[in-house]
Amino acid sequence: MSRPKIQNYKGCGLSKGKEREQRASIRFKTTPINTLMDVLRNRPGWVEVKDEGEWDFYWCDVSWLRENFDHTYMDEHVRISHFRNHYELTRKNYMVKNLKRFRKQLEREAGKLEAAKCDFFPKTFEMPCEYHLFVEEFRKNPGITWIMKPVARSQGKGIFLFRRLKDIMDWRKDTRNSDDQKEEIPVENYVAQRYIENPYLIGGRKFDLRVYVLVMSYIPLRAWLYRDGFARFSNTRFTLNSIDDQYVHLTNVAVQKTSPDYHPEKGCKWMLQRFRQYLASKHGPQAVETLFSDMDNIFIRSLQSVQKVIISDKHCFELYGYDILVDQDLKPWLLEVNASPSLTASSEEDYELKTCLLEDTLHIVDMEARLTGREKRVGGFDLMWNDGPVSREEGPPDLSGMGNFVTNTHLGKPSQGDLLTSYPPERGHMATPAARKPGCQVVCLEEGKELRFVNGFFTAHP
């Protein structure tokens, strides 16, 4: 149960296991009203709590967390959907600050080669506090493209590209308010980040990847990687000749759905399995394995960078939405990490993906106390880190470098026995998640064919 903190209150006095066994139902609250509500209401034994009623599980928004977390007493079994200071990873400026600090730590302790494994985020400066450092770097590389992002906004809001210093002078002037004004209206921080000018294109379109990572604990670090995710495509062919066109450069669905020729039924998404199959047909399995292994490195290193600063409360878990961009050299770049990835479905397939994602998340949170704690796979999630790397093989991992250690990650891979629909089952739609629709075959892009973007959707052509 949860309730406001009361001095000397000792809870109900039951052990964790006993307490969980005796609960006939699980009382839940949720702030988001979307796919999540459907999943929670349909879960057997779960009962929705209204208003100020006591709850066992709360999928809250971050504003509730800021205002109430420190003033709420939680029994042993209670779970809540964010860590207290999640922003250390999910605010763009804090994420970069922690990654830079972690890289320096690795260089001191393990050398430059190990530190280089953190070189997966573009050169970034926090504005306005690092404005002069940014100007110095800007003048070293004249003519390249930079992107400005507000540190605490989402869905592409406030983002713009520029190539000249005078393009941001108006923004710079806005930060120079009087002392009185500064007290009333705090300056909004931005990050200025080197723009990736050579993104990998499919059908001439830019895209990024949305990948889901579930963290159940930071001390020790225990993280799960979801097998399904999607690529989000822009609706307009990529070009650097029009840096003011957000439909070219921003892949956020919230941006793309405002495009004049956006079709809500077709959307702009691919399932990760389809993306992986496409890359394998173009570049071979080994290149794809390397790319996805590099992505695994991004997930682990980014979590390690905040492991010592995140408050690891036993009541908390977090489902992160990672945004990854792939360049023409098949190098993945971390763009940002979302504390509240969108759970609103943009299509039938998107609804199915997010429903399965949330169901599997609740399986791992395990309010029903069904898991043994030894599981490596739960639904579509694979345990990738459990106070150390997790091997696909049984028994303790061999990290000596002499064995055949294989990380327990399967991002974008159907498991043996899992099936995918062929693409496109209906033109413009993404393939459905693995093992959700039986009787379908895995179909790869045939050799000698290429993907073209025609009239708003992708088709295969000789």
Side-chain angles (χ1 to χ4, degrees), residues 1-6 9-14 16-87 89-90 154-155 212-218 224 226 310-321 338-345 351 353-371 378-379 381:
M1 292 182 288
S2 66
R3 55 179 66 80
K5 289 185 177 178
I6 303 174
Y9 178 75
K10 296 182 179 179
C12 51
L14 296 173
K16 179 179 179 181
K18 198 76 172 175
E19 184 180 8
R20 298 185 76 176
E21 286 177 10
Q22 291 184 353
R23 287 202 315 278
S25 63
I26 296 165
R27 298 160 297 180
F28 74 86
K29 286 184 70 174
T30 178
T31 304
I33 308 297
N34 47 34
T35 309
L36 176 64
M37 181 64 82
D38 295 343
V39 171
L40 291 171
R41 284 177 173 171
N42 291 327
R43 197 165 178 85
W46 287 51
V47 179
E48 185 176 1
V49 173
K50 301 288 187 179
D51 301 324
E52 299 302 317
E54 293 181 353
W55 44 268
D56 305 304
F57 178 94
Y58 190 8
W59 197 295
C60 66
D61 57 30
V62 294
S63 61
W64 183 94
L65 194 79
R66 278 194 304 269
E67 297 169 6
N68 298 282
F69 186 89
D70 293 334
H71 311 291
T72 303
Y73 177 86
M74 299 184 194
D75 283 345
E76 185 81 13
H77 70 281
V78 168
R79 295 293 179 266
I80 193 167
S81 63
H82 296 288
F83 287 94
R84 177 65 182 83
N85 57 336
H86 64 89
Y87 48 79
L89 182 61
T90 58
S154 59
Q155 299 183 328
Y212 299 100
V213 174
L214 175 63
V215 176
M216 296 302 299
S217 166
Y218 272 98
W224 299 75
Y226 202 60
I310 292 281
I311 301 170
S312 188
D313 191 297
K314 63 186 177 184
H315 300 100
C316 303
F317 69 93
E318 191 109 33
L319 179 65
Y320 294 110
N338 297 274
S340 301
S342 173
L343 299 175
T344 301
Y351 180 86
L353 165 66
K354 289 173 179 176
T355 298
C356 296
L357 167 71
L358 290 169
E359 288 174 349
D360 294 340
T361 298
L362 296 181
H363 292 331
I364 293 175
V365 173
D366 194 27
M367 296 296 295
E368 299 90 348
R370 293 170 179 164
L371 302 183
V378 176
F381 277 105

Next item on the list: Keeping the roles fixed (side chain from T344, backbone from N34), state whether a donor-acceptor pair exists under 3.5 Å.
Entry: no

Notebook entry, point to check: What are the two closest non-hydrogen atoms of V62 and S340, and how far apart are they?
Noted result: CG1-OG, 4.2 Å

Margin query: Are the side chains of Y226 and C356 in contact, using a 4.5 Å heavy-atom criterion?
Written below: yes

Check: To the nearest 0.5 Å, how far apart are OG in S217 and CD1 in I310?
Finding: 11.5 Å

Next item on the list: For T35 and L343, indicate whether the former's side chain and the latter's backbone hold a donor-acceptor pair under 3.5 Å.
Entry: yes

Check: Under 3.5 Å, is there a donor-acceptor pair between the side chain of D75 and the main chain of V78?
Finding: no

Next item on the list: Verify, without hydrogens or angle tests, whether E318 (side chain) and F83 (backbone) share a donor-acceptor contact under 3.5 angstrom.
Entry: yes

Next item on the list: Look only at the side chain of D56 and the backbone of R27, and say whether a donor-acceptor pair between them is shorter than 3.5 Å.
Entry: yes

Next item on the list: List the steps, then state whether side-chain contact (heavy atoms from CB on, under 4.5 Å) holds for E54 with V49.
Entry: CA-CA 7 Å; E54 293 181 353; V49 173; over 6 Å; no

Checklist line | Side-chain donor or acceptor of N85 paired with backbone N/O of Y87 under 3.5 Å | finding: no

Note to self: Quick check against the 3.5 Å criterion: does H82 have a side-chain atom that pairs as donor or acceptor with the backbone of C60?
What the structure shows: yes

Margin query: Are F317 and W224, when compared by the centres of their aromatic rings, separated by less than 6.0 Å?
Written below: no

Note to self: Under the criterion side-chain contact (heavy atoms from CB on, under 4.5 Å), I'd like the reasoning laid out for C316 against F69: C-alpha separation, chi angles, the key distance, then a yes or no.
What the structure shows: CA-CA 11 Å; C316 303; F69 186 89; 3.8 Å; yes

Margin query: side-chain contact (heavy atoms from CB on, under 4.5 Å) for L65 and H86? Distances and angles first, verdict last.
Written below: CA-CA 10 Å; L65 194 79; H86 64 89; 3.9 Å; yes

Checklist line | Chi angles and distances behind the side-chain contact (heavy atoms from CB on, under 4.5 Å) call for W59, L319 | finding: CA-CA 11 Å; W59 197 295; L319 179 65; 4.2 Å; yes

Notebook entry, point to check: Who pairs with Y320 by side-chain hydrogen bond (donor to acceptor under 3.5 Å, both in side chains), at least two apart in sequence or on another chain?
Noted result: Y218

Next item on the list: Any chance you could measure L36, atom CG, to R41, atom CZ, to the nearest 0.5 Å?
Entry: 10.0 Å

Check: With R43, which of E359, E368, E48 fulfils salt bridge (Lys or Arg N to Asp or Glu O under 4.0 Å)?
Finding: E368

Item checked: Among I26, V47, L362, the one residue meeting side chain to side chain contact (heavy atoms under 4.5 Å, CB included) with L40 -> L362

Checklist line | F28 side, atom CZ; W46 side, atom CH2 - distance, nearest 0.5 Å | finding: 8.0 Å

Checklist line | Donor-acceptor side-chain pairing of D313 and H315 below 3.5 angstrom | finding: yes

Check: Mind checking what makes side-chain hydrogen bond (donor to acceptor under 3.5 Å, both in side chains) contact with T31, not counting sequence neighbours?
Finding: Y58

